[in-house]
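Quantities reported herein were computed from a predicted structural model and do not represent experimental measurements. Chain A is the first sequence line, chain B the second, and so forth, proteins listed ahead of strands; every chain is numbered from 1.
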Amino acid sequence: MDRPTLPKGTRDFGPAVMAKRQFIFQSIRSVFERYGFLPLETPAMENLSTLTGKYGEEGDQLLFKVLNSGDYLKDIDPALLSSKDSRRLTPSIAEKGLKYDLTVPFARYVVMNRHEITFPFKRYQIQPVWRADRPQKGRYREFYQCDADVIGTDSMVCEAEIILMIRDAFAKLGINRYSIKINHRGVLAALAALAGAGDKESSLFVAIDKLDKIGEAGVRDELASRGFSAEAVDSLFDLLNKRGTNQEKLELLRAQLGKYEKAAASIHDLEQVFTFVASMGGEAAPVELDLALARGLSYYTGCIFEVKIHDAAVGSVSGGGRYDNLTAVFDSKERSSGVGFSFGVDRLYDAMEELNLFPEETQRSSQVLVCHLDEECLRYGLGITQKLRAKSIAAEIYPEPSKLKKQLEYADKKKIPFAVVIGSDEMKSGVLAVKNLKTGEQHLRTLEQFLSDITAIPK
RNA sequence: GUGAAUGUAGCUCAGUUGGUUAGAGCAUCAGAUUGUGAUUCUGAGGGUCGCGGGUUCGAGUCCCGUCUUUCACCCCA
């Protein structure tokens, strides 16, 4: 008999890992809620028609399809079946798929529930998504996203708040060295016009997005091989190579791209984002206008974001952008602009592990372990344990009579900071022997003294 | 989806041109210490060598297939 295995790209999360993941989830959730976002959950499965065509051709190939139930071949045209054309057969045998991100199901939800929704609608969503990608480090087939989106306003206050939420979340997680990159699809479109890209826009974007990875020479090679003229590429790099503050880059864009009608509006958008961030006291947030930032799902139409953690090789840990036409895809009368972003929990976890950023408390199960020397002490200890719990102190008791050595080892392994030892002396006197497992010190305390000691310590 | 590596104890890894009974460190468990963990000492347990097939007198070692993990491309959190 074969031992069980997991599907490629999926993982179990044991208690030690879950404690750290919960720390990330809770940190992010508290930031979302502080900015007025409300929770939403949608099904793991959507109709395939809801998902296909939203993520570009590549994205469609990465969708997990769910086989129809029952005798799903019964009514299939035999000619189609014998053609062995998987792509044409798939819609007939699979009408559902696992969700690929949280934004498209959210847009679907908005269209279906618009009469009950107060706009602008701010929701957050923390759920797994699935992609039939080939797994690598930091790339999983099942992973969690934490999305916050606002739909029904085109105010750049939303973009500015996204930047502040990233800053606040990272502060809670203890991530100090990172950069938030921002760009705008309208600016990219103008760059494409400047470079005479014509219908080769997307191959231009793919190339310049690799700038920090393969360098200027690499990008030039790739663009040359795709038929871009040397002059066009030169004028492109005049802009891409500009260093300086975000304001200086905006000035340059205004001067160079002002003649393109859409660019002017995009530059104004970016300007507003920076202004609002400053008004919220976020000047120090590491936001960088990066003209080479081009990636992101195909439905983005406005500002786009990407966040990278320095000193950790995990790819981007957060991304997002504004999308103007997503609800219209589900209902042409429904034209509301939305903007949102997502944290990739699994990559945040990998980065934090690499940088050793998880606080020790996240590993802790209880604050106190009640230890005992025999059956009678155990029974006495049960009462003590409940009294601690009644005071909201996470406490547990070793559930069977056992050597003290074993009980203390248990506390040590579970990183429980305090042990209360109950023996016949303690039962007689009513005082507790409290041992601090970190320092090794042991003192006699009444229950009241111990309670006030322990509540004074920050969790 | 294309191309390439990897897999030996719970973990990190040794294992010679194919040759007897596959090793180490850490971890685990027990004891030294019957009211004190994390340090010390002693001992013990733990292996379908990823899985399946092939070559060979003989395979952890060579060949084929397969799965896993990883890397590059593509794309993305």
>> I'd like to know if the side chain of A:R29 pairs up with that of A:Q26 as donor and acceptor (distance under 3.5 Å, no hydrogens or angles considered).
In response: no
> Using 30° and 60° as the class limits, which term best fits the ring planes of A:Y124 and A:F32: parallel, tilted or perpendicular?
Replying inline: tilted
>> Taking only the P atom of each, what is the distance from B:G31 to B:U36 in whole angstrom?
In response: 14 Å
> Between A:D154, A:T153, A:D324, A:T301, which is the residue that forms a side chain to side chain donor-acceptor pair (under 3.5 Å) with A:S337?
Replying inline: A:D324
>> Looking at every heavy atom in both A:E400 and A:H372, which two are closest together, and how far apart are they?
In response: O-CE1, 3.2 Å
Pairwise N/O distances under 3.5 Å, protein to nucleotides 5-12 of chain B:
none

> With rounding to whole Å, what would you report as the distance between B:A30 and B:U48 at their P atoms?
Replying inline: 24 Å
>> Distance check, P atoms only: B:G50 and B:G10, in whole angstrom units.
In response: 13 Å
> Can you name the residues that form a ring pair (Phe, Tyr, Trp, His ring centres under 6.0 Å) with A:F305, not counting sequence neighbours?
Replying inline: none
>> Checking the side chain of A:R347 only, and the main-chain atoms of A:S316 only, is there a donor and an acceptor separated by less than 3.5 Å?
In response: yes
>> If the threshold is 4.0 Å, N to carboxylate O, is there a salt bridge linking A:K308 and A:D290?
In response: no
> Roughly how far apart, to the nearest Å, are B:U16 and B:U61 at atom C1'?
Replying inline: 10 Å
>> Do A:S366 and A:E396 pair up side chain to side chain, a donor and an acceptor below 3.5 Å, judged on atom types alone?
In response: yes
> Does one side chain, of A:Y380 or A:E376, offer a donor that lies under 3.5 Å from an acceptor on the other?
Replying inline: no
>> Once side chain to side chain contact (heavy atoms under 4.5 Å, CB included) is applied, do any residues pair with A:K200, and if so which ones, sequence neighbours excluded?
In response: A:S203, A:F228
> How does protein reach along nucleotides 71-77 of chain B, written 5' to 3' as B (base within reach of a heavy atom under 4.0 Å), S (only sugar-phosphate), or - (no contact)?
Replying inline: SBBBBBB
> When the P atoms of B:A14 and B:U8 are considered, how many whole Å apart are they?
Replying inline: 10 Å
> According to the interplanar angle, ranging from 0 to 90°, do the rings of A:Y300 and A:Y323 count as parallel (below 30°), tilted (30 to 60°) or perpendicular (above 60°)?
Replying inline: tilted
> What integer number of Å spans the C1' atoms of B:G60 and B:C13?
Replying inline: 14 Å
>> Whole angstroms only, please: what is the CG-C1' distance between A:L6 and B:C67?
In response: 13 Å
> Distance between the C1' atoms of B:A24 and B:G15, in whole angstroms?
Replying inline: 11 Å
> Can you tell me how far P in B:A9 sits from the matching atom in B:G1, rounded to whole Å?
Replying inline: 30 Å
> Which range-with-range stems can be found for RNA chain B when each stem has 3 or more Watson-Crick or G-U pairs in a row and both distances sit under 3.5 Å?
Replying inline: B:1-5 with B:69-73, B:10-13 with B:23-26, B:28-32 with B:40-44, B:50-54 with B:62-66
> Looking at A:R21 and A:D346, does any basic side-chain N land under 4.0 Å from a carboxylate oxygen?
Replying inline: yes
>> Strictly below 4.0 Å, N to O, side chains only: are A:E161 and A:K122 in salt-bridge contact?
In response: yes
>> Strictly under 4.0 angstrom, non-hydrogen atoms only: write out the protein contact profile of nucleotides 32-45 of chain B, one letter per nucleotide from the 5' end, B, S or -.
In response: ---BBBS-------
>> For A:K99 versus A:P43, what's the shortest heavy-atom pair and its separation?
In response: NZ-O, 2.9 Å
